[in-house]
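What you are looking at is a predicted structure, and each value in this text was computed from that prediction instead of being measured.
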Amino acid sequence: MKIYLIRHSESIDDIENCYGGIADFDLSENGKSKVKEYKKDIDKYGIERIYTSPYKRAYQTAQILNKDIKVELKVIEDIRELNSYGILSGINKELAKNIFSYVLQKEEYKNTGYYFGKTFLGGEDIEEFDKRVKDAINFIIKDSKDLHTIAIVTHGNVHKSIFKNILKVDKEIEKIDDVATTILEYDNGEFKIIETIGIELGRSIK
């Protein structure tokens with residue numbers, strides 16, 4: 001089975017300089033345009049079903065991709081984004097410096113994020129996040145066992161979790177573009193990366 005693992009496009013939090021994570025922002029107009037450009041060749045991919053995160057930026061990306069091919073669209077709760085920002089979620093970053101200055105200065109919150117293995121105050125446990133992502137991917141594989149090609153529309157940290165724990169890539173994802181895509185081949189319990197588009201790997205995972 002071929003899998004197109006796709007990150008959502010640009011959302012409003014990107015252009016308004018807000019913390020995203022669990023904050024549920026819509027796609028920006030530019031983000032919608034990027035998906036429309038991406039989908040020009042999507043009918044050639046042979047996608048038979050699209051699985052998507054419930055968050056608007058992913059779901060709206062999936063909807064636009066599905067506009068012409070009109071396949072089944074399934075929402076999978078556990079491929080939603082990591083709650084990495086906790087109490088900062090949805091807040092403008094400059095504003096947060098003022099209203100959460102005391103917490104931001106605490107040593108324990110100076111280095112947070114997926115590869116640090118720690119989220120901000122009120123955030124999600126990384127190990128629990130990794131488990132739900134892995135369980136969700138296993139569910140998707142079982143659910144699509146009779147299909148030849150599927151797409152999964154999700155988020156940046158979900159990509160990081162999949163690369164580290166399922167694909168066993170020993171390098172960090174340093175940069176991931178809007179609508180970045182990893183094309184995978186899955187056969188009898190084994191995943192193989194065919195191509196990555198819009199993803200840059202960095203240092204080795206410690």
Side-chain angles (χ1 to χ4, degrees), residues 5-28 31 52-59 61 75-140 152-180 182 196 198-206:
L5 180 64
I6 304 167
R7 183 186 180 238
H8 64 80
S9 193
E10 180 189 82
S11 48
I12 291 173
D13 54 306
D14 296 319
I15 59 176
E16 294 188 351
N17 196 32
C18 297
Y19 289 101
I22 62 166
D24 202 5
F25 288 91
D26 292 296
L27 287 181
S28 66
T52 179
S53 156
Y55 289 168
K56 292 173 185 175
R57 55 197 184 274
Y59 186 75
T61 296
V75 174
I76 304 297
E77 179 73 20
D78 284 343
I79 57 169
R80 68 190 184 277
E81 180 60 296
L82 169 69
N83 178 4
S84 53
Y85 301 116
I87 61 171
L88 301 177
S89 302
I91 298 174
N92 175 271
K93 292 177 182 179
E94 289 302 315
L95 178 61
K97 287 180 183 178
N98 293 321
I99 61 177
F100 289 109
S101 58
Y102 176 74
V103 182
L104 285 165
Q105 289 169 12
K106 284 180 171 286
E107 195 64 36
E108 63 188 296
Y109 296 124
K110 286 185 178 177
N111 292 306
T112 61
Y114 182 77
Y115 291 121
F116 287 106
K118 182 174 63 176
T119 58
F120 200 76
L121 178 64
E124 186 174 1
D125 181 84
I126 300 289
E127 289 186 5
E128 291 179 5
F129 168 71
D130 282 335
K131 183 181 184 305
R132 73 162 163 89
V133 170
K134 194 168 187 177
D135 288 348
I137 296 301
N138 286 336
F139 169 81
I140 289 170
I152 301 172
V153 183
T154 184
H155 305 266
N157 282 306
V158 175
H159 276 75
K160 292 175 183 179
S161 182
I162 291 170
F163 268 55
K164 179 185 175 185
N165 301 299
I166 296 175
L167 303 178
K168 307 299 182 184
V169 175
D170 64 355
K171 291 184 181 296
E172 296 181 1
I173 292 180
E174 188 172 86
K175 184 174 180 291
I176 182 165
D177 294 338
D178 298 323
V179 210
T182 300
T196 58
I199 293 175
E200 294 180 16
L201 299 179
R203 62 186 181 182
S204 296
I205 294 173
K206 296 178 182 179

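Put simply, the side chain of Thr154 gets close to the backbone of Ile79: a donor and an acceptor are under 3.5 Å apart. A donor-acceptor contact shorter than 3.5 Å is absent between the side chain of Asp177 and the backbone of Ala180. In terms of modelled atom types and a separation under 3.5 Å, the side chain of Ser161 and the main chain of Asn157 share no donor-acceptor contact. With hydrogens and angles ignored, the 3.5 Å screen pairs no side-chain donor or acceptor of Ser84 with any backbone N or O of Gly113. Although no hydrogens or angles enter the test, the distance criterion places no donor-acceptor pair under 3.5 Å between the side chain of Asp26 and the main chain of Ile12.
Contact of the Ile152 side chain with the Val158 side chain is not registered, since no non-hydrogen atoms from C-beta on lie closer than 4.5 Å. Looking at Thr119 and Asn83, their side chains never come closer than 4.5 Å, going by heavy atoms from C-beta outward. Looking at Ile91 and Tyr85, their side chains never come closer than 4.5 Å, going by heavy atoms from C-beta outward. For the pair His8 and Glu81, the minimum side-chain heavy-atom distance is 4.5 Å or more. Using a 4.5 Å heavy-atom threshold, the side chains of Ile199 and Ile176 count as touching. The closest side-chain heavy-atom distance from Asp78 to Asp135 is not below 4.5 Å.
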Query - Trace of the salt bridge (Lys or Arg N to Asp or Glu O under 4.0 Å) decision for Lys97 with Glu94 - result: CA-CA 5 Å; Lys97 287 180 183 178; Glu94 289 302 315; 3.2 Å; yes

Requested in this report: Just do the salt bridge (Lys or Arg N to Asp or Glu O under 4.0 Å) check on Asp130 and Lys134 with the steps written out, would you?
Outcome: CA-CA 6 Å; Asp130 282 335; Lys134 194 168 187 177; over 6 Å; no

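Shortest non-hydrogen contact noted between Asp125 and Glu127 is OD2-N, 3.1 Å. The heavy-atom pair separating Asp13 from Gly20 by the smallest distance is OD2-CA, 3.6 Å. Here the shortest heavy-atom pairing between Lys171 and Ser204 reads NZ-OG, 3.7 Å. The two residues Lys56 and Phe25 have their closest heavy-atom pair at CB-O, 3.5 Å.
The aromatic rings of Tyr114 and Phe129 sit perpendicular, their planes meeting at an angle over 60°, well past the 30° parallel limit. Ring geometry, Tyr55 versus His155: the interplanar angle exceeds 60°, so the pair is classed perpendicular (tilted spans 30 to 60°).
For the residue pair Thr182 / His159, no side-chain donor-acceptor distance below 3.5 Å is found, with atom types taken as modelled.
Annotation: Lys93, atom NZ; neighbour count of heavy atoms from other residues, nucleotides and ligands within 6.0 Å is above 12.
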